[in-house]
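Here's the structure we're looking at; comments come further down.
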Amino acid sequence: MNADRFFDPRTETFSAEERAAYQGGWLAKLVAHAHANAPAIRRALDGTGVDPAEVTSLEALERVPITRKDELLDLQRAAPPFGGFLGIPTDRLTRAFMSPGPLFDPQGPEPDYWRFAPALHAAGFRRGDVMLNACGYTMTPLGLMFDEAARSMRCVVLPSGVGNTELQVQMARSFGATAYCGTPSFLKIILDKAVETGLNPRADLSLRRAFVAGEMLPESLRAEIEALGTTVHQGYGTADLGCLGYECRESTGMHVPEEAIVEIVDPTTGQNVPSGQPGEVVATVNRTTYPLLRFGTGDLSALDISPCPCGRTSPRLVRIMGRVGDAVKVRGMFLHPRQVGAVVARFPEIERHQVVVTRVEHRDRMTVRFETAAAPPPDLADRLAEALREVVHLRAEVELAPPGTIPEDAKPLVDEREWD
Ligand SMILES: [Zn+2]
């Protein structure tokens, strides 16, 4: 096991009971602090009759009302800048930001305020790494989120920001940058630019590891980048909450840090969904500066609680499947078109597909129509149906469509149900 201080064997290998006790401990202090210092939290708890002294466990946390991003926006507009959620005096802040939305985000005095150092560490970043930080530094906290994390690990940061691809290549080469932080698509653009200017990224650049966030990471893109010599790990977080998950060397989902309690809830009822099922990511992080209790991110994911060979025992967010608004409920389960897209991508024979949700005799029916270029193998439909059932936990009718019947710009999911 790695003894480096950014892998903490005291917490990252907790048993379920130890984790519950550890998180219950900080949760109790956080809720008491928020109730005493953040007027918006006090109003929310008092208004729903929740005694802060009783919120000491994940089960009790479920009674605290969820604050969704849209509501935060309204509350911030009514009481600028932070809507009554700030838990410390304003003069103790170090920076403040305006994220798209526009949402205001504070930065408190804590070192590595957004807690991304363990994420960079899990991605292989170490002291002395020279990190090209291709994230914006203006208005939003993005660039500084990773800047602060890298500096706390004593990495050297090249704050290169977004754009200027050719200069980024020059900078990476001149400083011998060993690591990259930013979106995966922009990393690919930088590596492609290097190739275009006659360089061989493997030999002429030293970019060996990357931590990517901020957009979807298709496995195909990961493979293309890794073929150019840079290992890619992804993480997940929000400007409001900081880090909520990161991949370890196994890259089989994003471990939830011990300082975050992540729940997966049914967006319509706010109740936790059974383990493994998809729903909205709702998170509470251990941070007194801006104690957003049960913040509804609007992102869809699911938690995997199976053991991970890396040694960390925390649950993993499987991946971000999209935004809540794009999902539909089928037989009581959330279904996002991207979940189906990820399954279909495993079958290279399939050229196009479309999910159609209908209702027959008051029962939802999900049909996945697909087209292939050549005559498909006879068992393709069965294998696709089986893979869908395993991943989306729903039985689907699978239908081979005649060539040319699914338009190129077809919506990935069509909901044809009528409810009158
Ligand atoms: Zn792991």
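Atoms within a ligand are numbered from 1 in the order they appear, just like the ligands themselves.
- Side chain of Asn133 to backbone of Leu158: no donor-acceptor contact under 3.5 angstrom is found.
- With Phe116 as reference, Phe146 is the one residue of Tyr246, Phe146, Tyr236 to meet the ring-ring contact (aromatic ring centres under 6.0 Å, His included) rule.
- Only protein atoms were considered; those of element N, O or S under 2.8 Å from the Zn ion (ligand 1) number 4.
- Put simply, the side chain of Asp204 gets close to the backbone of Asn200: a donor and an acceptor are under 3.5 Å apart.
- In this structure a side-chain-to-backbone donor-acceptor pair under 3.5 Å is present from Arg316 to Ser306.
- In terms of the salt bridge (Lys or Arg N to Asp or Glu O under 4.0 Å) criterion, Glu226 has no residue partners (sequence neighbours excluded).
- The distance between the ring centers of Tyr22 and Phe14 falls below 6.0 angstrom.
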